[in-house]
Amino acid sequence: MRATITEHRPDVAVLHLKGELDADTAAELRVVFTGLLERPVPRIVVDLTELKFCDSIGLSTFIVSKEVIAARGGWLTFAAANPFLTRLMQTVGLSRYFAIFPEVDDAIAAGQL
């Protein structure tokens, strides 16, 4: 898995994930989230456009990160999930826990509400 960060507004980071998120790569994602959590109020959109696979370890990394982010007054949303990831999140019930938007811009705009 490869993770890159872009700033779409001064207060919103977009985390672009590419490849496969699993037990072998989840530690890398935790390191990235740790850096993003240093912001006073973390507002993060995870761009799933190029993430091809995610296992339960990857999902748990998202869950733990969201809990920390919410406790600090921020938010974590997802954008551009492929059919596999959409189905996975629906199957395990995470589509009720995470907002999933069709595009990154949609997720950023929703965070402004």
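By convention here, the first residue in the shown sequence is residue 1. What you are looking at is a predicted structure, and each value in this text was computed from that prediction instead of being measured.
- The hydrophobic clustering, which links ILVMFWY residues whose side-chain heavy atoms are closer than 4.5 Å, places Phe53 and Ile57 apart.
- Within the 4.5 Å cutoff, no side-chain heavy atoms of Val45 are placed close to those of Leu76.
- Minimum heavy-atom separation, Asp47 to Ala80: OD1-CB, 3.9 Å.
- By the 4.5 Å heavy-atom criterion applied to side chains, His16 and Thr49 are not counted as neighbours.
- Here Ser95 contributes atom OG and Gln90 contributes atom CD; the two are 5.0 Å apart, rounded to the nearest 0.5 Å.
- Summarising the geometry, atom CG belonging to Asp22 is positioned 11.0 Å from atom CG belonging to Leu29; distances are rounded to the nearest 0.5 Å.
- For the pair Trp75/Val12, a side-chain contact is recorded, criterion being any heavy-atom separation below 4.5 Å from C-beta on.
- The side-chain tip of Lys52 does not point at the ring of Phe84 from less than 6.0 angstrom away and within 45° of straight on.
- Shown are Val104, Thr86, Val46; of these, the side chain to side chain contact (heavy atoms under 4.5 Å, CB included) with Phe78 is made only by Val46.
- Remark: Leu36 CG to Ser65 OG distance equals 9.0 Å, nearest 0.5 Å.
- Checking side-chain atoms of Asp55 against main-chain N and O of Ala23 turns up a donor-acceptor pair under 3.5 Å.
- Residues Glu28 and Ala3 share a closest heavy-atom pair of OE2-N, 3.9 Å.
- For Glu67, the CD atom counts as densely surrounded, since its 6.0 Å shell holds more than 12 non-hydrogen atoms of other residues, nucleotides or ligands.
- Two residues are said to be in side-chain contact when any heavy atoms from C-beta on lie closer than 4.5 Å; Val92 and Leu59 meet this criterion.
- Atom CZ of residue Phe33 and atom CD1 of residue Ile69 lie 5.5 Å apart, to the nearest 0.5 angstrom.
- By the criterion of side-chain heavy atoms lying less than 4.5 angstrom apart, applied directly or through intervening Ile, Leu, Val, Met, Phe, Trp or Tyr residues, Ile44 is not grouped with Val64; the two fall into different hydrophobic clusters.
- Using a 4.5 Å cut-off on side-chain heavy atoms (C-beta onward), Leu51 and Leu85 make contact.
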Requested in this report: For Arg39 and Glu7, run salt bridge (Lys or Arg N to Asp or Glu O under 4.0 Å): C-alpha distance rounded to whole Å, both residues' side-chain angles, the deciding distance at 0.1 Å, then the answer.
Outcome: CA-CA 13 Å; Arg39 296 166 178 251; Glu7 305 289 332; 2.5 Å; yes
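- Between Leu15 atom CG and Thr4 atom OG1 the span is 7.5 Å, to the nearest 0.5 Å.
- Remark: of the listed residues Leu21, Leu17, Thr25, Leu21 is the sole one forming a side chain to side chain contact (heavy atoms under 4.5 Å, CB included) with Cys54.
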